[in-house]
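Notes follow once the structure below has been shown.
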Amino acid sequence: MSAQAIVINAPEPADNPNLSGSTPWTAICAGNGGFNEYYVSISWIGTANAGNQFILELSDANGSFANAETLETITDKNSVKDFDISFSVPTTTRGDGFKMRVRSTDPVKVGSESSAYSMYYMDVTSNLNISEIGNGVPPGSVCSTGPITLQVDNIANPETYQYIWFRSGTELIGEKGHTLNVTQTGMYNVYVDYGQRCTGSGNTDSNIVDVNIGGAGNGIAINTPTKTSLCSTDSETLSIDQTNSSWNYQWYKNGNAITGAIGTSYIVNAANAGFEGDYTVEIAGTGICNEMSEIVSITNADLYTVTVENEANLVILPTQSQVLSVSTTANTPNFKWFRNTVEIAGETSNSLLITEDGEYYAEVTQTGGACSVSSKNSDVTTVVSPASFEITINYTEAYTSCESTSTTLGVELINAVATDGTKTDVTSALLNGFTYQWSKGGSAISGATSSSISLASNSENGDYNLNATVGGFDVDSNVLPVQLLTNETIAITSSGTVFCSGGETITLSTSTDLNLATFQWQLDGTSINTTDAELTVSTAGTYSLAIDRDGCSLISNEIVVSPLDENLITLDPGTEIVMPEGTTRTVTASGGTAYRWLDANAVELSNADSITLTEAGSYTLIASIDNCEIVRQVEVTYLDTFKVPNVITVNGDGINDQWIIPNSYSNKADVNVIIYNEQGQEIVNEFDYKNNWPQSTTAFTKQNMVFYYKIRNASEVLKQGTITVIR
């Protein structure tokens, strides 16, 4: 066959060599106890190229490979036509129609698909809990006059799973959600649905809830009240229409149990604030299901509003007056006005003209409707006649000195100050009544005559205050300093960001003119130079440039300078390469900015990031990171073609005295060599085996002794067998 002809058979379930008595799997039920190791047998015919990879893929739960998941990538079986490989299923695997297949990369070939298998990763493997109210407390039994809802309540995100519900041992077909509407009497339990093969091994069976649906119950009700709309002087007795000495009672308001209300009746007293609501009564007792009555709604007939239409705090200036007013939803209202709790004679409308200070309110009396002659007072309006005013200005948006590039100043508070020093907030009442003038540094700003001022440039930095006048009062505010940062941007650049070795330097610079500027170069936030327009550095750290702009520090971008990390350069497949004679192997470097490949005679072979090697020998890679160079040595040897020996002769003649295995297994950091004695005890367990067993000091007690070996990598056993030692 040519190298382009290859046939890959469908993968078949295989025995797990790490489990005693294991047989090929027929379904995958992973996750229990963390177990997730399975094997398949892969077979193929034809010829694969040297760089070929076999990729084991998994379909979705419907058998589609449109978005196939890679289970394993196999790189060392291009000459092995029949082998077993281990794999783990993804933790999202749940379904009964999963298939597998193997594809190759060189030549490109998609193998046959396997049969469909049931595969589940069981991330929940403990008992479920179901309850009626979802509080995690298993109820044992539930008695109800109507349908109830049972729900799974002890796992995270229960809605992401499917379930199997049972009533008295019979599966409820089609019920797959984490909640169940129960309409029939029976004993209910549930499992997480892990398919027909895996559900039983998931250990997710729940507690059993014995549900008794009690039909129509006793049909209790609350006797029809005399009235349901109550005035403040009313009370109403609610009572149940039937009683039984074996029953217990509980009254509810708006669904909440009323403390102490456990009799056959309950008195609603309208004199208590918040009495209105929906009332029910519930019965409970031995041998019956709890039963709740229908709702009886009690409303407040006195429920009307009185609203003050003016500001809560007002100012009366000399020779001025103010109008107070209220509105109401009362039926046929009467009005009375009070000043300092004393009634103002003759004021019976919903508004009042005032000319003096004081605390005012209106009394509104409802004279019509079900609850006539009931009264409510409005909120109090405080009216002051000030001796002076106090105005406070502040930043009206987030502001930080030398960080903000704009801000707005405005009136924050206006207090009317009485002769006794009492202050009243009259901001909302008088904000638009004052005449304003803003000043900067004591000088009036032309055109700045509103209650706020916006600043958007560092050229406007300074100390601001506000003068306000009204009705003969002249008020100066507090002073606010403003220090805005310029919108200018400073950028610094560097000749490199990586130190190669001691003594090498990097230069930092900026295009901003520093000749007349006050500036400082900073390392990790600390000033290190205030004179040089260009900075030469030889220390790792974070560098920036700060320039003084109108008393503020304008900070540049940061440049991080780091010492060289040689681990940034990586080689795939590594620096020790074993390949069959007559084949090629490509080595790829990454992490650098430029590359040079040299042979043992220092002849340059390539300046690409990869090189294809055809002969054994020593090769050198010189990789650059910016202006730094890192050297890597690559050793290429031909693959040993001899087999793993099963006999050695330790007679000291220098021939076959040690167990020498092919270089595809020896000197490999990812290959584990284990040797057991006749009693099954480990005597060697090494990675990177150096072909050095037995040591010269090792003693053998018998003429011919048999040892057992296993050679494996992280995912599979590569070779295993016996070693006979003849001395």
Within 6.0 Å of NZ in K690, more than 12 heavy atoms from elsewhere: yes
Donor-acceptor side-chain pairing of D82 and S43 below 3.5 angstrom: no
Side chains of D84 and E716 in contact at under 4.5 Å (non-hydrogen atoms): no
Minimum-distance pair of heavy atoms, taken over all atoms of Q53 and T73: OE1-CG2, 3.6 Å
S624-T593 side chain donor-acceptor pair, cut-off 3.5 Å: no
Side chains of D670 and N713, donor plus acceptor under 3.5 Å: no
Min side-chain heavy-atom separation E686-W693 under 4.5 Å: no
Side-chain H-bond candidate by donor/acceptor type, D205 with N127, under 3.5 Å: yes
Result of checking E113, E57, E72 against R103 for salt bridge (charged side-chain N to carboxylate O under 4.0 Å, His left out): E57
Atom pair CG/CG of N207 and N154 - distance to nearest 0.5 Å: 8.5 Å
Electrostatic pair R167:E175 at N-O distance under 4.0 angstrom: no
Flag side-chain contact, heavy atom, 4.5 Å: Y543 against S494: no
Any side-chain heavy-atom pair of I492 and N557 under 4.5 Å: yes
Test item: Y161 and L128 side chains (from C-beta on) under 4.5 Å apart, heavy atoms: no
Pair N18-E37, side-chain donor/acceptor within less than 3.5 Å: yes
Side chains of S544 and S556, donor plus acceptor under 3.5 Å: no
Heavy-atom check, side chain of I6 versus side chain of W44, under 4.5 Å: yes
Any side-chain donor near an acceptor of the partner, T125 and N32, under 3.5 Å: no
Beyond-backbone contact of V578 with K668, side-chain heavy atoms, under 4.5 angstrom: yes
